[in-house]
Amino acid sequence: MAAVAGNPSAAAEDLEPQREGVPGLESQRRQIEIGESGRERPLRAGESWFLVEQHWYRQWEVYVQGGDQNSSTFPSCINNAKLFQDQINWGLKKGLVEGEDYVLLSSAAWHFLVSWYGLEQGQPPIERKVVELRGIQKVEVYPVELLLVQHSDMGTPHSAQFSQIDSIDLVLRTAREKFLVRPEKETRLWVKNSQGSFERLCNTRVTVLDAALKSGQLVVMETRNKDGTWPSAQPQTGNKASKENEDFQCQPGICGLTNLGNTCFMNSALQCLSNVPQLTEYFLKNRYLEELNFCNPLGMKGEIAEAYADLVKQAWSGHHRSVVPQVFKTKVGHFASQFLGYQQHDSQELLSFLLDGLHEDLNRVKKKEYVELCDAAGRPDHEVAQEAWQNHKRRNDSVIVDTFHGLFKSTLVCPDCGNVSVTFDPFCYLSVPLPVSHKRVMEVFFVSMDPRRKPEQHRLVVPKKGKISDLCVALAKHTGVSPERMMVADVFSHRFYKIYQLEESLSTILDRDDIFIYEVSGRSAICENSREDVVLPIYLRERTPARDYNNSYYGLMLFGHPLLVSVPRDRLSWDNLYHILLYRLSRYVTRPSSDDEDDGDEKDMAPKESIPKPGHAAGCSSQNPGPEQAGPSSGVAGGSRAPMNNAPGPSHWPQRVRRKHLFTLQTVNSNGTSDRSNFNEDTHAQPYIAIDWEPEMKKRYYNEVEAEGYVKHDCVGYVLKKAPVRLQECIELFTTMETLEKENPWFCPSCKQHQLATKKLDLWKLPETLIIHLKRFSYTRFSREKLDTLVEFPIRDLDFSEFVMKPQNELAPELYKYDLIAVSNHYGGLRDGHYTTFACNKDSGQWHYFDDNSVSPVTENQIESKAAYVLFYQRQDVARRLRSQQASSDPPAPPACGPPPNSDSMDVN
């Protein structure tokens, strides 16, 4: 308003057209000083008050109290010149005191005075906010003065004043206005702290006070590059690299991800999620910025959502061949320690974490209320389901819920009282089992009692949940040897890692274990004194020189395959055992010739005393076993069983007195590493026997090549064929009724006891995008395996109408039909493997194969394979809606980079 100068009468004449509605002086006084608009009313946080120079206000008071509108005390227009330091920046003088230098007027009172008297020309109104500090409302006379600069030009800062209760969003909007940033450009703020480093102002909804901003601080506005990167995230050569990226153009979304070291699982999950159209549009159009939840205690302070948004914007900018997801990897490791480092992980596990993290970071519910879960209690399903979904949305409302969440119907039936419990639970993905064979193929080596027969490799088909006895029965069909005459052992590093009992489960044996099955006497057993024969575990050792101070110590090194040998209990002497073992080793141990005989020296002969037996002292006959003395376990003719090849036993060999021994025998522990010359009678410890060879004797008489030889049985070529299964079969298996396991009982509210109830899951409400996880990895206490069964899944028209329990809308069949949009693949086994992705581009409709930073077009007939692990399906009505929105709003997509689609462009199988 123009200033009014001169005498009061002239001023009155100038203001006459504007003062026709001016109230009387007493009325003015009441409106300004008392009542709702008066300066005496209490302050309210957040409202605006105005400063008026004290001298002018006192003159106005004298004027209105005089009661004469034509008085010479007319105050003229409002003039606050004495409150300003200068008339350029219009900054307030320091140290102004209320009541001495200025008075405060409410917003209504200020506007009354301006409308009645006007404001000195060129002067800005001095508007200040009411803030609440420590429970006290006060007018913030001196606001926070910030220095605003652009990241691209840190030269001359622009000063701007903000109240402590102003939001950071207002600071950002002010900076955008000052630097003339176009509306479609994305910006963010950094503040320089007292240490000289910069911190992100992530949450734009907090106040200047909450962000602890002080006057004089430097605030930097950063604008996202055209290629989706931020200038601050670029290295020293970032500007040049960013310029090169902006010059490069290709189809948005056709962008690889660099493998940082065993991060193919992460890349695969990210590529799948990036190709969910509605989720990607949500980030590309910056709708996520309004929904970032920085206060959610279950979230990641918005950092996961922002890191994922940065990746999406770069991948869909059309300016990158590949992107390095280092920042995202760091964020994931920070909030989920299991993903720290560079070890291989499961893409589905990362996907589960990422979906949950994005949901909590973008949850529109800022304060979650307590919701009590209610059972159906006989109410109609649709009523209970609607209540469960509403309760879920009261605590969980985000773009992830909108896109991926559906509803299960869970039915539990008590086996005792028949009580039925029906609940409805939300889900984010379906983990469906694969129909698995109840058979298992195991490879074993059979070691016959006949020393001339080499070990045989067999491939046996046994029940997956069978016992060791089932393994022996299967082997008996190939060998003709009775299962009662077999002993099963796990051999590892030339020793027995474990000797199995017949009743033990086959699940304790892993596929990588070396399993040997030994033929023993039908009357043999380990540690069973009631049996006639005892089975002795036999190890082979070689003396090896090892240096010590005297160079005289000899170590003992295990070698070869251990044996299980049946020996008659009443003939258990060292001398007998020597000849029995010499016979069992005769295939690859040569007998000394007559030239090697030693007629006088028996220093290598062990004493002719009995071998200590479990629970017994030494004391058995030391004579050589003759035909009438040798039992069947000795492998000699005579007794109850002769050898299969009628080979002569050791008693039939030409006998000469004091023949030189090839090796010595020694009792050892189960590891074969220490001698045990004495056994405690109370412990019933099983003796293990070691055959100790001198290096020279082993070199002369032991044939290592023959000892390691084995033959393959015809069954080794057998392959258990796995017929392909349909995806619908997996879903049927998922919805099949099952009985709860003992480790996870259900507490029946009727019986008041934990019960192994029957449980059935049904699909009630399906999401817009359905994620189906094929449970290829099986983990038990003793075994881990990957199922490489081929699952046949449709590319289009996956129909769920037969699986959904909710009453269906027959007029909209597309509500139950889905089309495939992405597949996460896993190649390899449990210990190692590689993840890749098939995905359909939302703009072009073309399928591509993403293998880390490599991207190639593929055809639909290349997508289905045994490697398919996680499937992404989109509901057809959603796809139709997105296509119509894109056609009406988006320009045509640029041509895709690379060669045109060609089935010969890449062999993914």
Side-chain angles (χ1 to χ4, degrees), residues 43-49 91-92 127-154 157-179 181 185-224 230-233 286 288-307 309-310 327 331 334-335 360-367:
L43 302 175
R44 300 188 185 100
E47 65 181 359
S48 295
W49 283 63
L92 285 184
E127 181 182 3
R128 295 295 184 260
K129 294 286 182 68
V130 177
V131 298
E132 182 176 351
L133 299 175
R134 300 182 183 88
I136 301 175
Q137 281 83 20
K138 58 178 292 186
V139 176
E140 185 183 27
V141 176
Y142 292 98
V144 178
E145 185 172 349
L146 300 177
L147 304 178
L148 306 179
V149 295
Q150 288 192 92
H151 186 274
S152 57
D153 181 15
M154 304 279 284
H158 293 256
S159 176
Q161 292 184 341
F162 300 94
S163 168
Q164 293 186 75
I165 62 172
D166 284 338
S167 67
I168 300 300
D169 183 62
L170 177 62
V171 179
L172 179 59
R173 284 189 278 113
T174 303
R176 290 175 66 96
E177 292 173 3
K178 283 185 177 293
F179 300 121
V181 178
K185 290 288 188 178
E186 185 180 350
T187 54
R188 62 183 185 181
L189 296 178
W190 298 78
V191 60
K192 188 175 184 180
N193 59 28
S194 57
Q195 285 78 32
S197 58
F198 288 88
E199 298 176 358
R200 270 279 315 281
L201 294 174
C202 300
N203 189 357
T204 59
R205 293 188 287 272
V206 301
T207 64
V208 172
L209 176 63
D210 293 334
L213 298 185
K214 306 296 182 183
S215 291
Q217 274 192 291
L218 187 69
V219 176
V220 182
M221 186 190 72
E222 183 182 20
T223 304
R224 191 188 288 273
W230 291 103
S232 61
N286 291 333
Y288 75 100
L289 293 174
E290 298 298 322
E291 297 182 348
L292 283 171
N293 191 334
F294 298 98
C295 306
N296 188 351
L298 300 178
M300 288 81 176
K301 300 179 181 179
E303 294 185 34
I304 289 294
E306 288 189 322
D310 286 346
V327 175
K331 295 291 184 184
H334 175 71
F335 291 106
E360 297 296 355
D361 273 0
L362 300 168
N363 199 345
R364 303 175 187 117
V365 180
K366 306 307 179 192
K367 186 176 181 180

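Count residues from 1 along the sequence.
Residues passing the side-chain contact (heavy atoms from CB on, under 4.5 Å) test with S167, sequence neighbours excluded: D169, L170. Contacts of R364 classified as side-chain contact (heavy atoms from CB on, under 4.5 Å), with partners at least two apart in sequence or in another chain: E291, D397, V399, D402. Every residue meeting the side-chain hydrogen bond (donor to acceptor under 3.5 Å, both in side chains) condition with E132, not counting sequence neighbours, appears here in chain and number order: Q137. Not counting sequence neighbours, F198 has no partner by the ring pair (Phe, Tyr, Trp, His ring centres under 6.0 Å) test.
How far CD of E199 is from CG of L189: 13.5 Å, rounded to the nearest 0.5 Å. To the nearest 0.5 Å, atom CG of residue N203 and atom CG of residue D210 are 9.0 Å apart.
In this structure, F162 and L146 have side chains that are in contact, with non-hydrogen atoms separated by less than 4.5 Å. Counting only heavy atoms from C-beta outward, the side chains of V171 and V208 approach each other to under 4.5 Å. The side-chain heavy atoms of M221 and V149, taken from C-beta on, include no pair separated by under 4.5 Å. No side-chain heavy atom of V191 sits under 4.5 Å from any side-chain heavy atom of L218. Side chains of D166 and E140 form no contact here, defined as non-hydrogen atoms less than 4.5 Å apart. The shortest side-chain heavy-atom distance between E306 and C202 falls under the 4.5 Å cut-off. Contact check for L147 versus Q217: no side-chain heavy atoms found under the 4.5 Å cut-off. The shortest distance between side-chain heavy atoms of Q161 and R128 falls below 4.5 Å.
Each of L148, T187, T174 was scored for a side chain to side chain contact (heavy atoms under 4.5 Å, CB included) with F179, with one residue passing: L148.
The neighbour count for K367 NZ, taken as heavy atoms of other residues, nucleotides or ligands under 6.0 Å away, does not exceed 12.
Judged as a salt bridge (Lys or Arg N to Asp or Glu O under 4.0 Å), the pairs with a partner in residues 211-223 (not counting sequence neighbours) are, in order, R188-E222. The side-chain hydrogen bond (donor to acceptor under 3.5 Å, both in side chains) pairs that include a residue from residues 141-153 are E145-S159, where partners are two or more places apart or lie in different chains.
In terms of heavy-atom proximity, V365 sits nearest to N293 at O-ND2, 3.4 Å.
Between D361 and K301 there is no salt bridge, since none of the side-chain N atoms of the basic residue sits less than 4.0 Å from a carboxylate O of the acidic one.
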